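Once you've had a glance at the structure underneath, I'll fire off some questions.
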Amino acid sequence: GHDQVNGRQLRDLIARYGLEDQLKVMGFEKDVRKIWEHCHGLLLPSRYEGAALVVVESMLCNRMAITTNTGRNCELIDDGISGFISESATVNLLDATMERAWQARHRWREMGKLAGQHIRQRYSRDPIGDFAERLKALAKKI
């Protein structure tokens, strides 16, 4: 978030494990599209989610997601096609899912494009307007 409450803790963990060359903390960015310009995909190993906005954001920015079978993730992501779903956030299951994703790394760009297409096909850009149109059509039938 904007206040970077956990930023120092995250940077300390990255340093502790010597991952400074592999992981970068970019800080807060107001424009979501700019975040995804620098990322190949999303890794969200959640144990509990409702409808994770970050999954939708990544898909709208044509990025594939690696996540768990929580919330609406299975509704949003086609496993192995537009992203990867782990049955749970256990070490072994998530490791297996990440390995599947790594083996398909040459398809990540293609998968991201499919993710973007799928999210736009499944959900309207104007859900309120579409609902109003359906109500008007229904009212005409009555």
Side-chain angles (χ1 to χ4, degrees), residues 1-139 141:
H2 185 66
D3 59 1
Q4 299 291 301
V5 173
N6 295 331
R8 188 179 67 205
Q9 179 186 19
L10 181 59
R11 284 187 288 280
D12 289 348
L13 283 170
I14 290 169
R16 178 180 180 178
Y17 292 102
L19 298 171
E20 297 90 347
D21 291 337
Q22 291 86 7
L23 300 173
K24 304 288 183 228
V25 177
M26 303 299 285
F28 178 77
E29 175 56 61
K30 188 170 76 172
D31 185 351
V32 172
R33 293 170 297 183
K34 288 184 180 179
I35 295 168
W36 293 104
E37 288 175 0
H38 303 285
C39 302
H40 296 290
L42 168 68
L43 175 60
L44 184 66
S46 295
R47 295 183 187 278
Y48 175 81
E49 286 291 341
L53 181 57
V54 70
V55 172
V56 175
E57 288 174 349
S58 68
M59 294 176 78
L60 287 171
C61 292
N62 298 322
R63 298 299 187 265
M64 64 91 196
I66 304 166
T67 188
T68 50
N69 184 4
T70 58
R72 294 179 57 203
N73 289 339
C74 285
E75 178 185 330
L76 299 171
I77 299 166
D78 296 308
D79 187 45
I81 297 170
S82 60
F84 297 91
I85 303 281
S86 174
E87 279 305 309
S88 182
T90 66
V91 171
N92 290 339
L93 291 175
L94 192 57
D95 179 61
T97 303
M98 290 174 60
E99 182 61 31
R100 283 192 303 124
W102 183 248
Q103 294 303 318
R105 65 189 177 276
H106 62 282
R107 295 182 31 239
W108 286 2
R109 185 179 307 269
E110 170 193 338
M111 293 174 85
K113 288 179 183 177
L114 284 172
Q117 290 171 2
H118 291 174
I119 196 77
R120 286 174 177 85
Q121 290 167 352
R122 292 175 181 167
Y123 301 98
S124 168
R125 291 181 68 85
D126 183 13
I128 295 170
D130 290 347
F131 181 68
E133 290 300 318
R134 287 195 305 272
L135 285 177
K136 285 180 193 177
L138 183 62
K141 292 180 182 180

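Numbers for residues simply follow the sequence, beginning at 1. Everything quoted here is computed from the prediction, not taken from an experiment.
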**Request:** With the side chain counted from C-beta on, respond yes when Thr67 and Phe84 share a heavy-atom pair under 4.5 Å apart, and no when they do not.
**Result:**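 With C-beta onward as the side chain, the pair stays apart.
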**Item:** Electrostatic pair Lys136-Glu133, nearest N-O below 4.0 angstrom
**Value:**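 So Lys136 pairs with Glu133 through a salt bridge.
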**Prompt:** Does atom OH of Tyr123 have more than 12 heavy-atom neighbours, drawn from other residues, nucleotides or ligands, at distances under 6.0 Å?
**Reply:**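 Count over threshold, so yes.
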**Request:** Of all the heavy-atom pairs spanning Pro45 and Ala89, show the shortest one and how long it is.
**Result:**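 It is O-CB, 3.6 Å.
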**Message:** Within this structure, what is the CG-CD distance for the pair Asp12 and Gln9, rounded to the nearest 0.5 Å?
**Reply:**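 It is 8.0 Å, given to the nearest 0.5 Å.
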**Item:** Ile81 vs His118 side-chain heavy atoms within contact, under 4.5 Å
**Value:** yes
**Prompt:** Can you name the side chain to side chain donor-acceptor pair (under 3.5 Å) partners of Ser46, sequence neighbours left out?
**Reply:** Glu49
**Asked** Between Asp126 (side chain) and Gly129 (backbone), is there a donor-acceptor pair under 3.5 Å?
**Response**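 Flag set: sc Asp126 to bb Gly129 pair under 3.5 Å.
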**Asked** For the residue pair Asp78 and Arg122, what are the closest heavy atoms and their distance?
**Response** OD2-NH2, 2.7 Å
**Asked** Distance from Asn73 atom CG to Thr68 atom OG1, nearest 0.5 Å?
**Response** 6.0 Å
**Request:** Using modelled atom types only, decide if a donor and an acceptor are shared between the side chain of Arg125 and the backbone of Arg120 within a distance under 3.5 Å.
**Result:**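 Answer holds: no.
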**Request:** Would you indicate whether Leu135, at its atom CG, is surrounded by more than 12 heavy atoms from other residues, nucleotides or ligands within a distance under 6.0 Å?
**Result:**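 Counting neighbours around CG of Leu135, more than 12 heavy atoms of other residues, nucleotides or ligands fall under 6.0 Å, so yes.
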**Message:** Could you check whether atom CZ of Arg107 has more than 12 heavy atoms from other residues, nucleotides or ligands sitting under 6.0 Å from it?
**Reply:**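 Check passes, neighbour count above 12.
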**Item:** Pairwise distance OG(Ser86) to CG(Leu43) - rounded to 0.5 angstrom
**Value:**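 Rounded to the nearest 0.5 Å, the OG-CG separation comes out at 10.0 Å.
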**Message:** Parallel, tilted or perpendicular, judged at 30° and 60°: which one describes the rings of Trp108 and Trp102?
**Reply:**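 If you compare the ring of Trp108 with that of Trp102, the planes turn out perpendicular.
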**Asked** To the nearest 0.5 Å, how far apart are CD1 in Ile35 and CD in Glu57?
**Response** 7.0 Å
**Message:** Does any part of the side chain of Gln117, heavy atoms only, come nearer than 4.5 Å to the side chain of Leu114, both counted from C-beta?
**Reply:**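 SC-SC contact between Leu114 and Gln117 confirmed.
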**Prompt:** Tell me, do Met98 and Ile66 make a side-chain contact under 4.5 Å, heavy atoms counted?
**Reply:**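 The answer is yes, as the side chains (C-beta and beyond) meet within the 4.5 Å cut-off.
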**Message:** Among Ile77, Ile85, Thr97, exactly one meets side chain to side chain contact (heavy atoms under 4.5 Å, CB included) together with Asn69. Which residue is that?
**Reply:** Ile85
**Request:** Evaluate the side-chain proximity of Asn62 to Trp36: yes if any heavy-atom separation is below 4.5 Å, no if none is.
**Result:** no
**Request:** With rounding to the nearest 0.5 Å, note down the distance linking CG in Asn92 to CD in Glu87.
**Result:** 14.0 Å
**Message:** Keeping Thr90 on the side-chain end and Leu93 on the backbone end, is there a donor-acceptor pair under 3.5 Å?
**Reply:** yes
**Asked** For Cys61, does its backbone N or O pair with a side-chain atom of Arg63 as donor and acceptor, under 3.5 Å?
**Response**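 Yes: the side chain of Arg63 pairs with the backbone of Cys61.
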